[in-house]
Q: 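First the structure, which I've put down as structure tokens, then a few questions once you've had a look.
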Amino acid sequence: MKNLKEQIIERLKKDGADIVRFGNIERMSDSAILKIMPETKTVICAAFRQLRGARRGIEEGSTYYQYTTNAVETLEETVMPLALLRACEVLEEAGFDALPQRRNQLIMNGEGSTNPEVDYAEIYHGKVAENQMNFEQCAVDCGLGERGLSGSILTDDFGPCQRYVFILTDAELEADPIVEPHLCDKCGKCVKACPGKALSADGKLDVWQCAAYYMGANRTKNPFMPTDAYDDIEEKLAVISGEAKLSPERAKDIIDRTHFYPPIKHAYCASICGKACDTECYVHLEEKGVLNRKFKTPFRKRPQWSLSIDGQ
């Protein structure tokens, strides 16, 4: 008969999880966990791959909605919640409490912060944000992977290309080992890939800069931007080349003007950059040959394209 840990792994993988890791409460460094559920003994992390092909349209400059709809929205709103529900049922059947934890995309810890994936006007900054888990730190503490220079969690199978959820439970389950950092070599390619220079050399992210260029404010990487875009902005060339340094208020103004691609008709913004930082990281790791999952052809099949802003 399978033990409880094996049953949970089997259930999560049946519902789409690719990696499942367990961390005991003693090594979890996020204080929010015990505020959320004081009796927590184990934190379970389940990671789900973002399809490699979901980035193909952006890589080719052809179709863009697949990244947001398949690699973000469908995982966050359909696949992962169902997997959490079923896995929590396994724990409840065994007599244990299980509290599912998925990101609330509209709740930010920092006042004045934002989430580039959603409409900034919907972001909530109230007291409830204090009891939100630090997903990246908890992923590391559960043994999912290592934190890369950009802040993304890197795994041996998918590099930075997965999303993940957690279960807090009072069941005491065997912990998996912490991953020793070995993938990120601090090459800085994630920093250089950002179309809005939102990442600093040390990996610090300007979330408002990121939000504006995530949506496509850089014309050199946005084939849908008309030539007269931002014509009434004095620093137009700086904005469309990714050289402008945007304050939060200026970023909001740029975002409000950036409607050159059909929006995703749910809670998520259509991404034009498609997390270029993560894509470049994946390409680098694949070229180094350090990822476990191999493909018949490399992801980057031809030189990267870029549009000219001459005459703008």
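The figures here come from the full heavy-atom set of this structure, side chains too, leaving out hydrogens, waters and symmetry mates.
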Q: Could you check whether Lys245 pairs with Glu235 (Lys NZ or Arg NE/NH1/NH2 to Asp/Glu carboxylate O, under 4.0 Å)?
A: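 No, this pair does not count.
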Q: May I ask you to say whether Glu59 pairs ionically with Arg302, meaning some side-chain N is under 4.0 Å from a carboxylate O?
A: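 Salt bridge absent between Glu59 and Arg302.
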Q: Looking at Met133, is its backbone amide N or carbonyl O close enough to the side chain of Asp30 to form a donor-acceptor pair, meaning the two atoms are under 3.5 Å apart?
A: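 Pair absent, no side-chain N/O of Asp30 close to backbone of Met133.
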Q: Should Cys273 and Lys221 count as side-chain neighbours, where that means a heavy-atom distance under 4.5 Å?
A: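 Cys273 vs Lys221: side chains apart.
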Q: Would you say Tyr268 and Thr69 are linked by a side-chain donor-acceptor pair, where the criterion is simply a distance under 3.5 Å?
A: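 No donor-acceptor contact under 3.5 Å links the two side chains.
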Q: Go through it in stages, so that I can follow the logic: the residues are Arg52 and Glu286, the test is salt bridge (Lys or Arg N to Asp or Glu O under 4.0 Å), and I'd like the CA-CA distance, side-chain angles, deciding distance and then a yes or no.
A: CA-CA 12 Å; Arg52 188 175 185 255; Glu286 185 181 61; 2.7 Å; yes
Q: Between the main-chain N or O of Asp97 and the side-chain N or O of Asp170, is there a donor-acceptor pair closer than 3.5 Å?
A: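 A pair under 3.5 Å: yes.
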Q: Taking transitive links into account, so neighbours of neighbours count too, which hydrophobic residues share a cluster with Val179 at under 4.5 Å side-chain distance?
A: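 None, because no other hydrophobic side chain comes under 4.5 Å of this residue.
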Q: Under 3.5 Å, side chain of Arg147 to main-chain N/O of Val140, donor-acceptor pair present?
A: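 Side chain of Arg147 to backbone of Val140, a donor-acceptor pair under 3.5 Å: no, none is there.
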Q: Is it true that a side-chain atom of Asn222 and a backbone atom of Gly216 form a donor plus acceptor pair closer than 3.5 Å?
A: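 Such a contact is found between Asn222 side chain and Gly216 backbone.
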Q: Please test Leu154 against Tyr282 for side-chain contact (heavy atoms from CB on, under 4.5 Å), starting from the C-alpha separation and ending with a verdict.
A: CA-CA 9 Å; Leu154 312 182; Tyr282 177 85; over 6 Å; no
Q: In terms of side-chain heavy atoms, does Gln105 have a donor or acceptor partner in Glu76 at a distance below 3.5 Å?
A: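 Note: Gln105 and Glu76 side chains miss the donor-acceptor criterion.
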Q: Does a donor on one side chain and an acceptor on the other come within less than 3.5 Å for Asn218 and Thr220?
A: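 Judged by distance alone, the side chains do pair up.
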Q: With a 4.5 Å limit on heavy-atom distance, are the side chains of Arg250 and Trp208 in contact?
A: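 No, too far: nothing below the 4.5 Å cut-off.
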Q: Enumerate the side-chain hydrogen bond (donor to acceptor under 3.5 Å, both in side chains) contacts for residues 37-49, please, sequence neighbours excluded, ordered by first and then second residue.
A: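 Matches after skipping sequence neighbours: Asp18-Arg49.
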Q: Only pairs at least two apart or in different chains count here, so list each ring pair (Phe, Tyr, Trp, His ring centres under 6.0 Å) that has a residue in residues 130-161.
A: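 Passing the test, one end in residues 130-161: Phe135-Phe166.
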Q: So do Arg257 and Asp232 actually touch side chain to side chain, heavy atoms under 4.5 Å?
A: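 SC-SC contact between Asp232 and Arg257 confirmed.
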Q: If the condition is side chain to side chain contact (heavy atoms under 4.5 Å, CB included), which residues does Asp278 pass it with, not counting sequence neighbours?
A: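 Per chain and number, Asp278 pairs via side chain to side chain contact (heavy atoms under 4.5 Å, CB included) with Arg55, Ser150, Ser152, Pro160, Lys275.
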Q: I'd like to check Tyr164 versus Arg103 (side-chain heavy atoms, cut-off strictly below 4.5 Å). Are they in contact?
A: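 With C-beta onward as the side chain, the pair touches.
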Q: Is there side-chain contact between Arg56 and Gln66, with at least one heavy-atom pair below 4.5 Å?
A: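 No - every pair of side-chain heavy atoms lies 4.5 Å or more apart.
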Q: In chain order, what residues pass the side chain to side chain contact (heavy atoms under 4.5 Å, CB included) check against Asp15, with sequence neighbours excluded?
A: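 Arg11, Ala83, Arg86.
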Q: Which hydrophobic side chains are connected to Phe22, either touching it within the sub-4.5 Å cutoff or through other members that do?
A: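 Listed partners: Leu4, Ile8, Ile9, Leu12, Val20, Ile44, Phe48, Leu75, Val79, Met80, Leu84, Val90, Leu91, Phe96, Val165, Ile167, Leu173.
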Q: Any side-chain heavy atom of Pro226 within less than 4.5 Å of one from Phe260?
A: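 Pro226 vs Phe260: side chains touch.
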